[in-house]
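Any value given below was found using the heavy atoms of this structure, including those in side chains, with hydrogens, waters and symmetry copies removed.
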Amino acid sequence: MTLCKCNIGHVVMTIVAPVWLLLGLVALPTMPLAAQSRVEEDPAEPLQGRPNPRLLQRPAGTIHREAVDEKSMRELLERLVACGTRNSLSSWNDPKRGAGCGRDQVVARLNEIGKASGGKLQVVVDKFETTSPRTSNKPAHMENVYGILPGSDPLMSKTVFIISGHFDSRASDVMDPSLDAPGADDDASGVAVSMENARLLSKTAADAANPFRATLLFSAISGEEQGLLGSARMLEWVKQQGYTVGGMLDNDIVGSDAAASPPHRVRLFSGSGGQDDNDSSSRELARAIEEIDGRQAVRLIFNIDRLGRGGDHYMFYKAGLPAVRFTEPLEDYRHQHQTPRTENGIEFGDQMKYLNFTFMGKVAQDNAEALRQLALAPAPPSEVKLAGGISPDAKLAWSSVDDPNRAGFEILWRETTEPRWTVYDFIAAGQEGVLKAVSTDNHFFAVRAVGKNGARSIAVSTSTGRNLPF
């Protein structure tokens with residue numbers, strides 16, 4: 001070692017340095033001089049600056065929180081819980097206990113809403129037989145209940161937006177219908193939200209000068225705890241009626257916000273559809289709901305459902321249709337799928353007293369406003385394609401039906417690591433757009449339709465694969 005011109009302090013410092021450092025046994029990290037300076041930002045895309053499109057305002061007539069009737073939601077919940085159990089294998093004929101008792105409460109509530117709507121809301125009881133391991137692989141009688149608000153637009157009336165909760169319940173043993181299973185949170189809460197949406201949106205339809213273009217279906221279904229049997233039947237039923245599913249909103253366990261320092265956001269689960277870009281129709285439905293209701297209201301969860309759990313949206317998702325699940329912020333498993341009892345001072349059971357109606361009312365509002373805007377929107381574009389690889393420009397093209405109530409289309413983009421879209425440009429006419437000096441590699445792209453009323457369809461992402469050309 002050679003000591004340079006330095007004071008005694010430096011000499012001492014050198015001598016007492018660790019031996020392993022002096023001998024070079026450990027390499028110290030080095031930093032190139034270039035890396036010590038500020039790293040330049042990525043080049044702008046496009047270089048000449050982004051377009052500044054005129055964006056239409058969202059539809060007027062927002063459903064506000066004070067419009068939600070918590071009292072009627074509570075009354076319906078109390079009547080459902082009073083049935084003792086609503087297990088799908090229990091009695092369908094006993095008016096005071098069992099699945100039939102639960103069905104009767106839902107039908108009665110929908111009939112009240114239908115009468116108040118001036119007959120606009122149609123009530124259907126769909127009876128069917130089905131089997132699963134949780135019916136002992138034997139045919140079991142079940143029933144779903146639907147409230148249908150027909151769309152007013154010939155172009156869109158065969159598109160249906162569905163909100164659902166399941167009225168069946170279970171105890172610790174899902175196969176024992178004799179056990180008490182109050183099912184207040186799972187899922188009388190979702191049924192109450194669905195029925196309150198029927199009231200809110202039937203009233204909106206009756207009062208509005210601009211009625212819903214698409215059909216709305218407010219459902220309460222059975223057989224969820226026996227293996228998603230009611231949702232499988234509902235999917236079959238809507239297809240039999242000739243509907244195209246525009247979106248399915250499952251509300252399952254939405255009645256409690258028991259964690260400290262509430263209020264918290266409702267969780268919104270959506271699956272990717274196995275796509276690398278996370279742009280399944282279900283994921284686009286979730287993004288649309290969050291954009292309508294706001295990030296302060298909805299927490300996006302990019303999973304199809306909770307670990308090891310399932311819900312009625314799954315049957316629609318599996319069929320390639322847009323479907324999502326609303327669930328409370330933090331579940332308490334002592335009050336789900338439990339026979340009511342007390343053990344070691346701990347109370348188990350899904351009872352009314354654990355519910356939070358302030359939270360549940362907010363969930364009802366979030367669903368209703370999302371459904372309102374989606375049912376006012378034009379049909380989404382189809383066959384959205386991306387071209388322009390190995391070229392300076394991204395080129396989008398899509399197909400759409402003629403629609404005199406459509407204002408145009410919004411081209412959306414986002415960084416590949418971003419979860420949400422932003423609007424790149426608005427195209428008033430035509431079915432193509434060129435993004436000058438925008439790389440096809442650095443972003444994902446989508447297109448959505450915009451109505452003259454400002455309502456947006458869900459986005460449709462570009463479907464061009466990114467495989468190597470060999």
Side-chain angles (χ1 to χ4, degrees), residues 70-91 94 96-99 101-102 105-106 134 165-196 220 222-227 250-267 269 299 301 305-312 325-364:
E70 288 181 21
K71 180 181 177 181
S72 68
M73 295 175 71
R74 182 186 291 272
E75 289 173 349
L76 176 58
L77 268 153
E78 288 173 344
R79 294 200 299 270
L80 288 168
V81 169
C83 292
T85 180
R86 305 184 303 278
N87 187 301
S88 295
L89 303 180
S90 62
S91 172
D94 188 334
K96 294 184 178 181
R97 182 179 175 86
C101 172
Q105 310 316 310
V106 175
R134 290 186 177 182
H166 68 88
F167 68 84
D168 62 310
S169 64
R170 60 163 291 179
S172 301
D173 182 356
V174 70
M175 299 297 292
D176 188 346
S178 68
L179 298 173
D180 282 347
D185 198 7
D186 185 15
D187 183 35
S189 66
V191 173
V193 166
S194 180
M195 296 302 100
E196 179 60 8
S222 63
E224 195 269 355
E225 303 291 5
Q226 258 53 48
D250 178 27
N251 283 261
D252 194 348
I253 311 179
V254 293
S256 180
D257 185 13
S261 303
H264 302 106
R265 296 181 297 173
V266 66
R267 293 183 292 170
F269 289 84
R299 180 183 180 184
I301 305 291
D305 211 325
R306 294 87 33 83
L307 181 63
R309 309 287 294 281
D312 287 319
R325 174 185 178 135
F326 288 83
T327 298
E328 64 198 31
L330 190 63
E331 298 170 77
D332 188 335
Y333 304 113
R334 295 171 298 181
H335 308 311
Q336 295 178 18
H337 297 188
Q338 297 287 340
T339 303
R341 66 193 188 281
T342 299
E343 293 181 357
N344 299 320
I346 298 174
E347 191 169 19
F348 295 86
D350 190 355
Q351 307 281 8
M352 286 280 296
K353 63 183 176 181
Y354 301 115
L355 300 182
N356 181 326
F357 283 89
T358 300
F359 174 78
M360 199 187 312
K362 185 65 174 66
V363 174

Would you call D180-R97 a salt bridge at under 4.0 Å N-O? yes
What I'd like to find out is whether the side chain of F359 reaches to under 4.5 Å of the side chain of P329, using heavy atoms alone. yes
Tell me every residue that passes side chain to side chain contact (heavy atoms under 4.5 Å, CB included) with S90, counting only those two or more places apart in sequence or in another chain. T85, N87, A99, P177
Between the CG atom in L89 and the OG atom in S222, the distance rounded to the nearest 0.5 Å is 10.0 Å
Taking it one step at a time, do R86 and Q105 satisfy side chain to side chain contact (heavy atoms under 4.5 Å, CB included)? CA-CA 11 Å; R86 305 184 303 278; Q105 310 316 310; over 6 Å; no
So, taking the atom named CG in D187 and the one named CG in D252, what distance separates them when rounded to the nearest 0.5 Å? 4.0 Å
Does D332 use its side chain to pair, donor to acceptor, with the backbone of R334 at less than 3.5 Å? yes
Kindly give the heavy-atom pair with the smallest separation between L77 and S189, and that separation in Å. CD2-N, 3.7 Å
Mind checking whether K362 and V266 have side chains closer than 4.5 Å, heavy atoms only? no
How long is the gap from CG on L76 to CE on M195, to the nearest 0.5 Å? 7.5 Å
Which of these passes side-chain hydrogen bond (donor to acceptor under 3.5 Å, both in side chains) with D186: H166, R170, H335, Q338? H166
Taking all heavy atoms of G311 and all of E224, pick out the closest pair and write down the distance. CA-OE2, 3.8 Å
State which residues pass side chain to side chain contact (heavy atoms under 4.5 Å, CB included) with E331; sequence neighbours excluded, sorted by chain then number. I253, R267, R306, R309, T327, E328, Y333, Q336
Where A364 and M73 come nearest, the two heavy atoms and their spacing: CB-CE, 4.2 Å
Validation row: R74, M352 side chains within 4.5 angstrom (heavy atoms): yes
Enter the distance from I301:CD1 to R325:CZ here, rounded to the nearest 0.5 Å. 12.0 Å
Roughly how far, to the nearest 0.5 Å, is the OH atom of Y354 from the CG atom of D185? 11.5 Å
For the residue pair F326 and V193, establish whether any side-chain heavy-atom pair is separated by less than 4.5 Å. no
Could you tell me whether the side chain of E225 reaches within less than 4.5 Å of the side chain of H337, counting heavy atoms only? yes
Closest approach of L179 and D173, non-hydrogen atoms and distance? CD1-CB, 4.2 Å
State, with a plain yes or no, whether a side-chain heavy atom of H264 is found less than 4.5 Å away from one of L330. no
